[in-house]
Amino acid sequence: MSQRTFSIIKPDAVRKGYTGAILAEIEKAGFKIVAIKKASISKAQAQGFYHVHAERPFFGGLTDFMSSGPIFPMVLEKDNAIADLRKLMGATNPANAEEGTIRKQFAASIEENAIHGSDAEDTAAFEIGYFFAGLELI
Ligand code: ATP
Ligand code: MG
């Protein structure tokens, strides 16, 4: 069944000029890009996006990082999109990511790890709505 997920090309990857290469990996893997835009988010907006991690020790660093420069939020679609994107991204820490994954190729550290992908249907719905209006998703 066709499914939508939400992804972000994070500030480290945008700064290093990896946006096009990451999008190519995503399209090569069979995802349709339903919507994409360039955005810069404030610390408060990053805190809202990552609210589930508010009590984690890395929350301050993570939200500073995510508000440190332009990002590309996007909505992706394919069969089994949520799980397949997580597989394509690789492990959170690129040191543990499998060969060929986006994080293995483009991420520098557990914090500066190039890409975000939703981890479940309910979080995907929240995250899509956080960045995109319904009219942008037709
Ligand atoms: P994402 O939600 O960004 O797709 P993920 O689901 O693989 O990544 P989460 O556990 O949801 O990982 O953590 C969210 C983000 O917080 C990670 O992508 C990473 O940037 C950062 N993070 C997670 N764990 C740590 C840590 N121990 N130290 C520093 N940053 C971390
Ligand atoms: Mg996550």
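In listed order, ligands and their atoms are each counted from 1. Owing to the predicted nature of the structure, the values given are computational and were not obtained by experimental measurement.
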With Met74, the side-chain contact (heavy atoms from CB on, under 4.5 Å) member among Val34, Thr5, Ile26: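 Answer after filtering Val34, Thr5, Ile26: Ile26.
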From Tyr130, Phe49, Phe72, residue fulfilling ring-ring contact (aromatic ring centres under 6.0 Å, His included) relative to His116: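 For His116, the ring-ring contact (aromatic ring centres under 6.0 Å, His included) test succeeds with only one of Tyr130, Phe49, Phe72, which is Phe49.
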Residue contacts for ligand 1, heavy atom to ligand atom, distance under 4.0 Å: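 For ligand 1, the contacting residues are Lys10, Tyr50, His53, Phe58, Leu62, Arg86, Met89, Thr92, Arg103, Ile110, Glu111, Asn113, His116, Gly117.
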No-hydrogen, no-angle side-chain donor-acceptor test under 3.5 Å, Thr63 and Lys43: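 The answer is yes; a qualifying pair exists.
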Aromatic ring proximity Phe126/His51, centre distance under 6.0 Å: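 Yes, the ring centres sit under 6.0 Å apart.
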With sequence neighbours left out, write down each residue that passes ring pair (Phe, Tyr, Trp, His ring centres under 6.0 Å) with Tyr18, or none if nothing qualifies.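 Partners of Tyr18 under the ring pair (Phe, Tyr, Trp, His ring centres under 6.0 Å) test: Phe106.
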Any non-hydrogen side-chain atom of Glu25 less than 4.5 Å from a side-chain atom of Thr101?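 The answer is no; the side chains never approach within 4.5 Å.
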